[in-house]
Protein chains: 2
Amino acid sequence: MARSKPATLKDVAALANVSRATAARALNSYGYVGDETAQKVQAAAGKLGYRGNRLAQALRSGQLPIVGCILGDIQNPFFARIAHDIEVLARECGYNLVIGSSEEELGQEVSLLASLRSLSIRGFIVAPTSADNNAHLQGLIAENVPLILIDRVAEGVDCDSVVVDNEGGAHKAVEYLIAMGHRRIGLLQDDMRIFTSRERMTGYRTALGAAGIAPDERMIAVSQSTVEHAVDATIRLFSQKTPPTALFTVDSLMTQGALLAFRSMGISIPHNVSLIGFDDFNLATFTDPQITVVSQPVSEIGRAAARLLFDRLSGKTDAPQKLRFETKLIVRGSVSRRG
Amino acid sequence: MARSKPATLKDVAALANVSRATAARALNSYGYVGDETAQKVQAAAGKLGYRGNRLAQALRSGQLPIVGCILGDIQNPFFARIAHDIEVLARECGYNLVIGSSEEELGQEVSLLASLRSLSIRGFIVAPTSADNNAHLQGLIAENVPLILIDRVAEGVDCDSVVVDNEGGAHKAVEYLIAMGHRRIGLLQDDMRIFTSRERMTGYRTALGAAGIAPDERMIAVSQSTVEHAVDATIRLFSQKTPPTALFTVDSLMTQGALLAFRSMGISIPHNVSLIGFDDFNLATFTDPQITVVSQPVSEIGRAAARLLFDRLSGKTDAPQKLRFETKLIVRGSVSRRG
DNA sequence: AATGCGTGTGAGATCGATCTCACATGGCCT
DNA sequence: AGGCCATGTGAGATCGATCTCACACGCATT
């Protein structure tokens, strides 16, 4: 029973005894079509299970109803949530979603983008790996391809973006640690190419500065954003003669790494060390004590980005919107008063 | 400087003073082309930044180098991991990945599949929502579109699949609980339409049967696979006059829900209740005590599925392969001896 | 001289849907 | 009767890449 090839408009037209043009008119309801003819065409289409070839339509119109989404890593629950929300909205708008992981490699991001562009994809949502190096993104803007940046912005790329108040969040966290009597506050951070990493670092520095605490490079560890790397970095940080008394981690994977490292080193929270992580995560309330975090409105980000994108796709041409959501310090039990 | 339209083959041909046919030959290196001509064409293509329109190529060849992936929910870390692994392999093979969430709704799955099919997508990896209702999948097979089922198989759909030993895993878990002296063993399970849910339920039943324990419907709670629903279901289950002394949960989101429910009810693990979850998850080793789980080789599943798919895409036509990975009981501290 | 082959190139068809244009009707008005 | 509009339909062009076919040239063979 299997039709080896899906039915084409030509098949429908033939079955209905009309021309392709008429069939198209009947199916897409535009122009003049006789009632009776329209009926015939509809019937024929139904009988053949005609679906239309989106590829051909896309070639003709120059636009494929697919949006591209390039994120750091779908395994990070933060990005997974965002991807999910984007997909839901895309589906509602009749679009599909192509997802690519940059793995935080600029080269990967560039080639992925090139590959998706050659598909005539209509719009992109990107979490750029690099804050500086972004000719490829500027290229999109120059050719008027809708682009929304999320989680991070990129210098010289003038387009819609959705980020959170990283600096403020980090500032609040460190400020809180200082208020609790900590002076040697460690920072476990991500690669400095990454926008969020920079901003969170800035918040850390300004909070220290405001309290008159001199920055100390020995308090800062850099690691890739994976649990494993974070474990190593934490161990290094806390193997010093005078280790930090508190630690601020810049994302949830790193927070997990820190937790594992502390356990393996026999360091107990909050007695031996205090901990605040950026980005709330499922695990944070399951540990004992629960982890104090800076939370960001994850459920808003993807939806906001998708909405911005679909506004652009439907022709909006306002000045780029730069959304920035607030972050919130959620105090739980991982910070203790000191001295 | 922005070229508003990307360069086409015609542009390249014009600049190189040759016909489109010759330009195509030079760029794709087939047929006869003069050395000098080839050079000219390459140069022209370089100067124009010619990329080729994958849409047009796809229309011509009938095949778009994109694979479609329909999963339950990317937010579930299990699926996120799989999606990630598939994307990596796809990229290596020059494919992109379209992701859709079925949200465990058959209707959603069907319409998503239809929408992707009209893109002439070359192959699909699907975690089918329903074990029975799968005319849409049979349709793919009938039209020879490569399809790989993961995590779940579907009746009457004869194609490659990658699943784990759900029944065996569940059996081992429940057997262990019985060996530890438990007789009233609760089951927190997913919708019965779902293949894994059925198999895990079967393992639960056979283990009880082998120990001569009569099945008791009051020990079984059904919930959707979200943390919130699982909380409610657990509370219901443990609000009975004679609640279970142990609980087996069929996936990691439900295990999390159970943990939250127990906490809110003041039920302590493993003293008041023992717990085993199916699917290992990041949280499991962070709780106190750590959670005993049945683990599945998550990192294998996506890769295996992708490999099977690309084998099919490169023309392999063997009999369908049905891969089934082993599951393993990882004993931690959430089960106590009873009686 | 006639045939053949190896090499190189271009014209045009094709994939499927859509859109413009031209061409039919028929009815209505002046 | 002549003209005009509203309605309905089809032929053909278009999107961009690729592939088949035909053709042309030069050199070698009979």
Side-chain angles (χ1 to χ4, degrees), chain A residues 3-42 44-45 48-66 94 115 117-122, chain B residues 3-42 44-45 48-66 94 114-115 117-122 143:
Chain A
R3 238 173 287 101
S4 56
K5 291 286 169 191
T8 72
L9 185 63
K10 205 160 91 178
D11 301 333
V12 174
L15 183 58
N17 262 315
V18 296
S19 70
R20 284 153 34 245
T22 303
R25 274 187 284 255
L27 293 172
N28 302 329
S29 38
Y30 71 93
Y32 292 109
V33 201
D35 285 353
E36 204 180 332
T37 316
Q39 302 278 332
K40 269 195 309 183
V41 173
Q42 305 282 5
L48 295 177
Y50 173 73
R51 287 210 168 283
N53 182 328
R54 283 169 74 195
L55 229 49
Q57 295 168 334
L59 176 60
R60 186 97 224 293
S61 67
Q63 296 172 324
L64 189 59
I66 288 186
S115 141
R117 290 211 52 197
S118 63
L119 281 172
S120 315
I121 275 186
R122 293 200 54 178
Chain B
R3 236 172 289 102
S4 57
K5 290 286 169 192
T8 73
L9 185 64
K10 206 159 92 179
D11 301 332
V12 174
L15 183 58
N17 261 313
V18 296
S19 70
R20 282 151 39 243
T22 303
R25 274 187 284 254
L27 293 172
N28 303 329
S29 38
Y30 71 92
Y32 292 109
V33 201
D35 285 352
E36 204 179 333
T37 316
Q39 303 278 331
K40 268 194 310 183
V41 173
Q42 306 282 3
L48 295 177
Y50 173 73
R51 287 210 168 282
N53 181 327
R54 284 168 74 195
L55 229 50
Q57 295 168 333
L59 176 60
R60 185 95 225 292
S61 67
Q63 295 172 325
L64 188 60
I66 288 185
S115 138
R117 292 211 51 194
S118 63
L119 281 172
S120 315
I121 275 187
R122 294 200 53 179
E143 301 194 21

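Letters go in sequence order (proteins before strands), and every chain restarts at 1. Just so we're clear, the structure is a prediction, and the values are computed from it rather than from any experiment. Computation of the quantities below employed the complete heavy-atom set of this structure, encompassing side-chain atoms and omitting hydrogens, waters and symmetry-equivalent molecules.
- In this model, the phosphate group of D:dG10 is approached by a side-chain N or O of A:S19 to a distance below 4.0 Å at OP1 or OP2.
- Contact annotation: A:S61 side-chain N/O to C:dA17 OP1/OP2 distance is not under 4.0 Å.
- Within the 4.5 Å cutoff, no side-chain heavy atoms of A:T8 are placed close to those of A:N53.
- Between the CG atom of B:N17 and the OG1 atom of B:T22 there is a distance of 11.5 Å, given to the nearest 0.5 Å.
- Considering only side-chain N and O atoms, B:T22 lies nowhere under 4.0 angstrom from the phosphate OP1 or OP2 of C:dG8.
- Remark: B:Y50 is in phosphate contact with D:dA17, judged by side-chain N or O atoms under 4.0 Å from OP1 or OP2.
- Rounded to a whole Å, the OH atom of B:Y32 is 15 Å from the C1' atom of D:dT20.
- Straight-line distance from the CZ atom of B:R20 to the C1' atom of D:dC19: 11 Å, rounded to whole Å.
- Rounding to the nearest 0.5 Å places CD of A:Q63 at 12.0 Å from CD1 of A:I121.
- In terms of polar N and O atoms assigned as donor or acceptor, the side chain of A:R25 comes within less than 3.5 Å of the base of D:dG10 in a complementary pairing.
- Counting any heavy atom pair closer than 4.0 Å across all strands shown, A:G62 reaches no nucleic acid atom.
- Rounded to whole Å, the distance from CG on B:L9 to P on D:dC19 is 12 Å.
- Among the nucleotides D:dG16, C:dG10, C:dC19, the one closest to any side-chain atom of A:A21 is C:dC19.
- For D:dA17, the OP1/OP2 oxygens have no side-chain nitrogen or oxygen of B:N28 closer than 4.0 Å.
- Side-chain contact between B:I66 and B:L119 is absent, with no heavy-atom pair separated by less than 4.5 Å.
- The distance from atom CG of A:L55 to atom P of C:dG16 is 10 Å, rounded to the nearest whole Å.
- As a whole-Å value, the separation of B:L119 CG from C:dC15 C1' is 16 Å.
- Nucleotide D:dG8 holds its P atom 19 Å from the CG atom of A:N17, rounded to whole Å.
- Put simply, B:Q57 has a side-chain N or O that comes within less than 4.0 Å of OP1 or OP2 on D:dT18.
- A distance-only check finds a donor-acceptor pair linking the side chain of B:R54 to the backbone of A:S115 [under 3.5 Å].
- For B:T37, the side-chain atoms get nearest to C:dG8 when compared with the rest of C:dG8, C:dG12, D:dA17.
- Atom pair B:Y30:OH and D:dT18:P shows a separation of 7 Å (rounding to whole Å applied).
- Within the nucleic acid shown, B:G31 has no heavy atom closer than 4.0 Å to any nucleic acid atom.
- If you take NZ of B:K10 and C1' of C:dG10, they are 15 Å apart, rounded to a whole angstrom.
- Mapped onto DNA chain C by nearest heavy atom, B:V33 and A:R54 fall at different nucleotides, with B:V33 at the one closer to the 5' end.
- The side-chain heavy atoms of B:L27 and B:V41, taken from C-beta on, include a pair separated by under 4.5 Å.
- Residue B:R51 places no side-chain atom within donor-acceptor reach of the base of D:dG16, judged by atom type and a 3.5 Å distance cut-off alone.
- Mapped onto DNA chain C by nearest heavy atom, B:A23 and B:A56 fall at different nucleotides, with B:A23 at the one closer to the 5' end.
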